[in-house]
Student: 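Below is the structure I would like to discuss, written out as structure tokens.
Only heavy atoms go into these numbers, but all of them, side chains included; no hydrogens, no water, no symmetry mates.
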Amino acid sequence: VSLPPDCMLVQLGESFQYLSGGQLRATAHCVKSSQTPDITRETLALFMDWMPEEIMKLPEYTRPYSEVVHTPFLPEGVPELEGRMKGATHYRDFATNTFRAYYSEK
């Protein structure tokens with residue numbers, strides 16, 4: 001990604017995509033270090049999760065559900081959001097489904 005010098009890049013996660021009712025999209029990304037000598041990657045990460053018992057309720061202004069969970073352009077090996085949301089009523093369900101989708105043997 002090319003970023004102009006006077007700009008800031010913000011990446012949103014899937015919880016924020018869901019919480020926004022699909023108005024904002026999670027960034028499909030994979031972090032890699034620079035291959036150019038003397039170039040560094042500077043990051044200020046702020047990770048926010050819901051409480052495990054929090055009910056994952058879409059806002060009133062939500063887009064259609066199929067749009068909310070639509071995750072185009074995922075890197076290879078990243079499971080789709082829709083599959084991980086199946087049966088998830090609480091954040092703990094989504095987190096458990098996500099962990100299993102990434103780490104369970106296929």
Side-chain angles (χ1 to χ4, degrees):
V1 173
S2 292
L3 188 65
D6 59 346
C7 294
M8 178 175 71
L9 177 70
V10 176
Q11 292 182 325
L12 301 176
E14 293 166 326
S15 294
F16 205 82
Q17 177 173 322
Y18 194 85
L19 187 62
S20 76
Q23 300 294 326
L24 300 170
R25 291 276 165 219
T27 307
H29 69 285
C30 178
V31 177
K32 296 181 179 181
S33 62
S34 174
Q35 300 300 313
T36 306
D38 301 323
I39 298 291
T40 63
R41 177 181 180 269
E42 305 298 328
T43 302
L44 171 62
L46 173 61
F47 295 94
M48 299 186 323
D49 281 328
W50 300 8
M51 296 298 292
E53 63 277 0
E54 190 72 32
I55 295 173
M56 295 187 75
K57 182 179 175 188
L58 290 168
E60 292 178 19
Y61 55 82
T62 190
R63 292 179 181 269
Y65 186 77
S66 61
E67 290 182 29
V68 173
V69 296
H70 183 62
T71 48
F73 315 116
L74 292 176
E76 185 178 335
V78 175
E80 293 185 4
L81 177 59
E82 183 174 14
R84 293 180 283 124
M85 285 303 304
K86 281 195 175 140
T89 55
H90 294 77
Y91 180 73
R92 93 169 41 84
D93 304 325
F94 170 65
T96 299
N97 291 349
T98 296
F99 187 84
R100 286 181 179 150
Y102 275 96
Y103 300 108
S104 292
E105 292 188 63
K106 308 238 187 273

Student: Could you pull out all residues at least two apart from Glu53 that satisfy side chain to side chain contact (heavy atoms under 4.5 Å, CB included)?
Tutor: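 Met51, Arg92.
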Student: Would you check if the side chain of Gln17 reaches a backbone N or O of Thr71 as a donor-acceptor pair within less than 3.5 Å?
Tutor: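 Judged by distance alone, no pair lies under 3.5 Å.
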Student: Output, in order, the C-alpha distance, side-chain angles, deciding distance and verdict of side-chain contact (heavy atoms from CB on, under 4.5 Å) for Asn97 and Lys86.
Tutor: CA-CA 8 Å; Asn97 291 349; Lys86 281 195 175 140; 5.6 Å; no
Student: Rounded to the nearest 0.5 Å, how far apart are CD of Gln23 and CD of Glu67?
Tutor: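 It is 9.0 Å, given to the nearest 0.5 Å.
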Student: Find the distance between OH (Tyr91) and OG (Ser15) and round it off to the nearest 0.5 Å.
Tutor: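 Answer rounded to 0.5 Å: 4.5 Å.
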Student: Taking ring-ring contact (aromatic ring centres under 6.0 Å, His included) as the definition, give me every residue that meets it alongside Phe99, ordered by chain and number, with sequence neighbours left out.
Tutor: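 Listed in chain order: Tyr103.
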Student: May I ask you to test the Phe94-Leu81 pair for a side-chain heavy-atom distance under 4.5 Å?
Tutor: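 Contact flag for Phe94/Leu81 side chains = yes.
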Student: May I ask you to decide if the ring planes of Tyr18 and Tyr65 are parallel, tilted or perpendicular, using 30° and 60° as cut-offs?
Tutor: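 Judged by the thresholds at 30° and 60°, the geometry between Tyr18 and Tyr65 is perpendicular.
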Student: Within the supplied structure, the quantity of interest is the number of heavy atoms (other residues, nucleotides, ligands) at a distance under 6.0 Å from Glu80 CD; does it exceed 12?
Tutor: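 Count not over threshold, so no.
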Student: Do you reckon Tyr102 sits in the same ILVMFWY cluster as Leu74, going by side-chain contacts under 4.5 Å, direct or chained?
Tutor: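 Yes, Tyr102 and Leu74 fall within the same hydrophobic cluster.
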Student: Can you run down the salt bridge (charged side-chain N to carboxylate O under 4.0 Å, His left out) pairs that involve residues 12-27, sequence neighbours left out, and say none if there aren't any?
Tutor: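 Listed by first then second residue: Glu14-Arg84.
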Student: Leu24: which residues meet the side chain to side chain contact (heavy atoms under 4.5 Å, CB included) condition with it, sequence neighbours left out?
Tutor: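 With neighbours one apart ignored, the set is Leu12, Phe16, Ser20.
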Student: Could you pull out the closest heavy-atom pair between His90 and Ile55, with the gap in Å?
Tutor: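 Looking at all heavy atoms of both residues, the shortest contact is NE2-CG1, 3.6 Å.
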Student: Applying side chain to side chain contact (heavy atoms under 4.5 Å, CB included), name anything that partners Leu3, two or more places apart in sequence or on another chain.
Tutor: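 If we apply the side chain to side chain contact (heavy atoms under 4.5 Å, CB included) test to Leu3, skipping adjacent residues, the hits are Cys7, Leu9.
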Student: With sequence neighbours excluded, tell me which residues meet side chain to side chain contact (heavy atoms under 4.5 Å, CB included) with Thr62.
Tutor: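 Counting only residues at least two positions away or on another chain, Thr62 forms a side chain to side chain contact (heavy atoms under 4.5 Å, CB included) with Leu58, Pro59, Val68.
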